[in-house]
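Atoms within a ligand are numbered from 1 in the order they appear, just like the ligands themselves. Computed from a predicted structure; not experimentally measured. Heads up: numbering here begins at 1 and tracks the sequence.
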Amino acid sequence: MKRVLSDRRSVLRGLGLGMAAPALASVRAAQGAVLPQPQRVSRTDVVVVGTGLAGLAAAIEAASRGAKVVVIEKMPEDKFGGNTAIAGGSMIVPRDNSSGAKADFVDDLFLKTLRRGNTELFRVLADHVLEDIEWLKGHGAEFVGPNQVAPYRLQTMQIAPRQAVGMPKFMATLKETVARKGGSIVYSTKAKQLIIDDHGRVAGVRALDAEGLRDFMAGAVVLATGGYASNRELLEGFVDPNSDAMVVRGVKWATGDGLVMAREAGAGISNMGGLMSLHIAAVSPDDPSHGVPDRGLPFCLAVNIEGKRFVDEARGYVVHGKATLKQPGQVCALVFDEQIATEARVKTSMESYRRLKLPILEAPTLVGLAEKMKMPAEQFEATVRSYNDAVHDQRALSAVPPKSALAFKLDHPKYYAFYPLVPGITMTFGGLTINQAAQVTEPDGRVIGGLLAAGEIAGALYHDDYIGGGMLANCLVMGRQAGRTATGGG
Ligand SMILES: Cc1cc2nc3c(=O)[nH]c(=O)nc-3n(C[C@H](O)[C@H](O)[C@H](O)COP(=O)(O)OP(=O)(O)OC[C@H]3O[C@@H](n4cnc5c(N)ncnc54)[C@H](O)[C@@H]3O)c2cc1C
């Protein structure tokens, strides 16, 4: 892939990108006459919509290659960064740069996504994510790792110093790098429509700020507006009529704006149907973003409010989150005992709960714990007893449902519970169809000229489940790729 751009204008012109602003008479907003044509018009090489990792990676790459870049963000400056700003900060990587490690990376994701993930884009991630993390480090970002994530062969890097804690500094570094490279960010400016020229190319974005409408004309537009977890209409229409049974773990303004705008311009979408298109985790209703005892989950017993088990806890937090959605009252508990509490991953979940000042229930007996959770104590005790009887060699295969790994008896008082836990949407998997160059395509595969998309909005990489760290890796690699394509790079 070509990575160096010596003369921005000549290359952009060669691609028909840098001539950015066609005559106004020949352009039209994608929604026809809904919005009037504004008086204020500015011209630039690349407009990026959204200040999450995908948008800022695109902006930094494009600006580093000599392009004039404007990023527009609908939120005020103190709320920039979308879901990236509140993320845990882990990113998946192949264990090294060998072709075998990359093939394992792709295969791990393929298997985790029920063989329906976007293998083409998994390969792009495998090829670039290690190099792109080095690129971020070169701009001042700090990472720790790699860490093993059993049972997978891929690994994760973590934004330093640890989960969630490093995000403010990381976001500040990205923002500062955009400025250092000559790009600018305009806040409180909401993209409303794509502008299309008379060749059917996207020629800019019509946006709304405090003074009214404003057109940003550009040679290329990068949509990086994130997912649609906070758009009830999209969720109920595409995913599930009962979507309101879930809390939203991310920012309330992840409303799929870019998806809606691009569809109006003819873009294709994929993987938007049913619960397979969502990442769901069981979370504390008091802190849906960070109150998630996912590390400890495989060691615990998940019980519903009737005191019954309902899922193989070893299958991971997304399977558990989706199963919780189907339980009475959409609520569950994760219970464990004093011995299980000494497991490192359970300790991590307990420490994070305490740091967040979330309660962990405890009692000297199972009956006492059931009473605290207002669960039928007899049923709860019977559930634990029959599960204990089934435990052999860290498995409980004859339990109902079976537990396939990390099964330990609960018989060391005292007893603990993370309770209540409710299903929360972490992210949406469906989105705009794009090719490996991050160009948005129509349902028939035709590229929409001038329009790129990256991050949670695009690619539909994951299906049903994903491996933690898979979305930020996608934002980084495809965001940077969008910046490269926008400036004529391969
Ligand atoms: C609690 C939590 C923890 C997570 N932890 C991880 C993790 O550790 N690893 C991982 O891989 N993934 C994680 N994820 C998922 C990941 O954070 C997101 O998928 C990712 O950050 C999305 O990045 P993005 O750049 O696509 O969009 P975002 O970061 O959401 O940014 C989109 C931006 O676009 C702006 N915008 C939207 N519409 C418009 C408009 N019309 N005009 C202008 N601006 C607009 C938004 O305001 C926002 O700033 C987590 C998610 C949550 C909720």
Side-chain angles (χ1 to χ4, degrees), residues 47-59 70-77 79-93 125 129 149 156-159 162-167 170-171 174-175 185-194 205-209 216 221-231 247-262 279-281 283 287-292 294 317 424-429 431-432 453-459 461-462 466-479 482:
V47 168
V48 176
V49 188
T51 56
L53 177 57
L56 295 186
V70 175
V71 185
I72 64 178
E73 167 57 56
K74 70 176 173 180
M75 301 305 289
E77 187 166 4
K79 288 199 171 62
F80 90 104
N83 276 324
T84 306
I86 61 163
S90 63
M91 285 188 209
I92 49 169
V93 294
L125 263 55
V129 68
V149 271
T156 56
M157 295 290 288
Q158 173 67 46
I159 291 167
R162 62 171 189 279
Q163 193 158 24
V165 176
M167 295 316 283
F170 178 70
M171 295 311 296
L174 293 180
K175 185 164 85 166
I185 303 179
V186 286
Y187 297 95
S188 302
T189 302
K190 180 174 178 173
K192 299 284 286 181
Q193 287 177 356
L194 294 172
V205 176
R206 186 157 295 168
L208 189 64
D209 64 16
F216 293 85
V221 172
V222 179
L223 292 175
T225 52
Y228 47 92
S230 292
N231 186 324
V247 297
V248 177
R249 298 187 58 208
V251 296
K252 305 296 173 271
W253 53 92
T255 43
D257 302 6
L259 192 80
V260 173
M261 281 188 279
H279 181 293
I280 302 172
V283 295
D287 187 345
S289 296
H290 300 115
V292 49
D294 56 324
Y317 75 129
I425 307 174
T426 317
M427 68 191 101
T428 47
F429 290 150
L432 300 175
E456 195 175 327
I457 184 180
L461 274 79
Y462 304 109
Y466 98 137
I467 299 175
M471 195 55 95
L472 289 180
N474 169 41
C475 293
L476 170 60
V477 172
M478 295 312 292

Asker: Return yes if some donor-acceptor pair links the side-chain N/O of T428 with the main-chain N/O of Y228 below 3.5 Å, else return no.
Answerer: yes
Asker: Determine whether the aromatic ring centres of Y462 and H279 lie less than 6.0 Å apart.
Answerer: no
Asker: Quick one, list the residues around ligand 1 where some non-hydrogen atom comes in under 4.0 Å, by chain and residue number.
Answerer: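 Only V49, G50, T51, G52, L53, A54, I72, E73, K74, M75, G81, G82, N83, T84, I86, A87, G88, G89, S90, T189, K190, A191, A224, T225, G226, R249, G250, W253, D257, S289, T426, M427, G455, E456, Y466, G469, G470, M471, L472, C475 have heavy atoms that fall under 4.0 Å of ligand 1, ordered by chain and number.
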Asker: Distance-only, no hydrogens or angles: does the S289 side chain make a donor-acceptor pair with backbone N or O of R249 under 3.5 Å?
Answerer: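 Flag set: sc S289 to bb R249 pair under 3.5 Å.
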Asker: For F80 and Y187, take the angle between the two ring planes, folded into 0 to 90°, and tell me which bin it lands in: parallel under 30, tilted 30 to 60, perpendicular over 60.
Answerer: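 Perpendicular: the ring planes of F80 and Y187 meet at over 60°.
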Asker: Does either side chain, that of Q163 or that of S90, offer a donor lying less than 3.5 Å from an acceptor on the other one?
Answerer: no
Asker: Looking at CE of M427 and CG of N83, how far apart are the two atoms once the value is rounded to the nearest 0.5 Å?
Answerer: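 It comes to 9.0 Å.
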